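This report concerns only the one structure given below.
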2 protein chains.
Amino acid sequence: MSPMWVSTKAQYGMRALIEIGLAGDRATSLKTVATREGLSHQYLEQIFAVLRRAGIVDSVRGARGGYRLARTPDRITALEVVELLEGSVAPVSCVEDEDTCDRVGVCGTEGLWRDVDRAVRDVLGTRTLADLIAERDLLHLEPAPDLQHLGA
Amino acid sequence: MSPMWVSTKAQYGMRALIEIGLAGDRATSLKTVATREGLSHQYLEQIFAVLRRAGIVDSVRGARGGYRLARTPDRITALEVVELLEGSVAPVSCVEDEDTCDRVGVCGTEGLWRDVDRAVRDVLGTRTLADLIAERDLLHLEPAPDLQHLGA
DNA sequence: GTTTGACCGAGTGGTTCACTCGGGTTACCA
DNA sequence: TGGTAACCCGAGTGAACCACTCGGTCAAAC
């Protein structure tokens, strides 16, 4: 796999949340998400444990259970999700925690990394799950069966 | 160490290049860079082997040897250095290589990662080593001994 | 009372990271 | 001409991390 700095945890988490969001109020099971997105069911469980504890999704236990968004999708930013599942989005450690480097204030690259961090946080912070769901809708995959007759 | 996605290789490489750049035409040894920046000499050798092969620095062998910039610092972007030492700066693999994911054109997060990638490349691509050297100069550390008398 | 599906902790194989080690080879310099 | 400073190179290594899996418990629907 070619290198990347956003882990599959955050990637899968985002994709799964879009899927969950598409269902609206109805709970969606991870099994459904897993097959629809081609992901590991058990790995998703791990991810959703974190999302639930963070108050991003609510769970419904038992048969016909699953997950739904705990908030409206416009109140969930990509930044929140990625930071939660990734731990951090900072390019270098000193951007977040100044104690990890003894050369703070002496390092010529400080401004550079700080600008990169700012740019990333800006993109992720201004994009909400609602935006992603809308984009996903534009791809209009698998149109709902009951809408099929409207076409052609 | 707190998490980060720019490796020490790229970080150290940038810092070392600033140090090399400050010396202008004169070759600077890695030993000097290592002590000045508090880095491992042997690790720097590994990094500079890559920088040299990429045509970013020239080497001077033998005693009193070292490295100097192969181009003027305004022709070396942070992006070039980071991509070289990091391999890639893409947040997820599909941004660079579409074959790594079978869901290209079907994935709701595609645009998001593409925007993040664009933002990062924009920041790194518009910053040259000359800029970083100038910033570093503003911190005016260790003023040259022969300029000392000009102060106070 | 069986099926569905959320919940939980532990384990694991592979890879990457951040180096180090131990040697060359080249050139200055006395 | 010999010593020393420096670049050059490949291999190794311990720790951490990633992307999962396994095996099981608990809760609600049918």
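Letters A, B, ... are given to chains in the order of the sequence lines, protein chains preceding strands, and every chain is numbered from 1. Given the structure is predicted, the values throughout are model-derived calculations rather than measurements.
Listed candidates were D/dC20, D/dC7, D/dA29. Nearest to the side chain of A/Ser40 is D/dC20. Among the nucleotides C/dA18, D/dA6, D/dA19, the one closest to any side-chain atom of A/Tyr43 is D/dA19.
One can place CZ of A/Arg15 at 13 Å from P of D/dA19, the figure rounded to the nearest angstrom. Rounded to whole Å, the distance from CE on A/Met4 to P on C/dC17 is 12 Å. We find that CZ of B/Arg26 is positioned 13 Å from P of D/dA6, with the value rounded to whole Å. Distance CG (A/Leu39) to C1' (D/dT21): 15 Å, rounded to an integer number of Å. Counting to the nearest Å, the P atom of D/dC9 and the CG atom of B/Leu44 are 16 Å from each other. We find that CD1 of B/Ile47 is positioned 13 Å from P of D/dC7, with the value rounded to whole Å. The CD atom of B/Glu45 sits 15 Å away from the P atom of C/dG24 (whole-angstrom rounding). Look at CH2 on A/Trp5: it is 18 Å from P on D/dC17, rounded to the nearest Å.
Contacts of A/Arg114 classified as salt bridge (Lys or Arg N to Asp or Glu O under 4.0 Å), with partners at least two apart in sequence or in another chain: A/Glu98, A/Glu110.
Below 30°, between 30° and 60°, or above 60°: for A/Tyr12 and A/Tyr43 the angle between ring planes is above 60°, a perpendicular geometry.
Residue B/Ser7 places none of its side-chain N or O atoms closer than 4.0 Å to OP1 or OP2 of C/dC17. OP1 or OP2 of C/dC19 lies within a sub-4.0 Å distance of a side-chain N or O belonging to B/Tyr12.
Residue B/Tyr67 is classed as a sugar-phosphate contact, given heavy-atom separations below 4.0 Å to backbone atoms only.
Evaluation of atom-type donor-acceptor distances gives a pair under 3.5 Å for the side chain of B/Gln46 against the base of C/dT20. At a cut-off of 3.5 angstrom, counting only N and O atoms as typed in the model, there is no donor on one side facing an acceptor on the other between the side-chain of A/Arg61 and the base of C/dC7.
Remark: B/Arg52, B/Arg53, B/Ser59, B/Val60 in residues 50-60 of chain B come within less than 4.0 Å of DNA chain D through at least one heavy atom.
Taking the side chain as every heavy atom from C-beta outward, B/Trp5 and B/Val89 approach each other to under 4.5 Å. Within the 4.5 Å cutoff, side-chain heavy atoms of A/Leu132 are placed close to those of A/Met14. In this structure, the side chains of B/Gln46 and B/Lys9 come closer than 4.5 Å at one or more pairs of heavy atoms.
Between A/Ala49 and A/Ala63, it is A/Ala63 whose nearest contact on DNA chain C lies nearer the 5' terminus. Position along DNA chain D of the nearest nucleotide to B/Gly65 versus B/Gln42 favours B/Gly65 as the more 5'-ward residue.
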Going through the distances and angles, do A/Thr77 and A/Thr126 end up as a side chain to side chain contact (heavy atoms under 4.5 Å, CB included)? CA-CA 7 Å; A/Thr77 68; A/Thr126 55; over 6 Å; no
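For the side chain to side chain contact (heavy atoms under 4.5 Å, CB included) criterion with B/Arg121, the lone passing option out of B/Leu124, B/Asp117, B/Val123 is B/Asp117.
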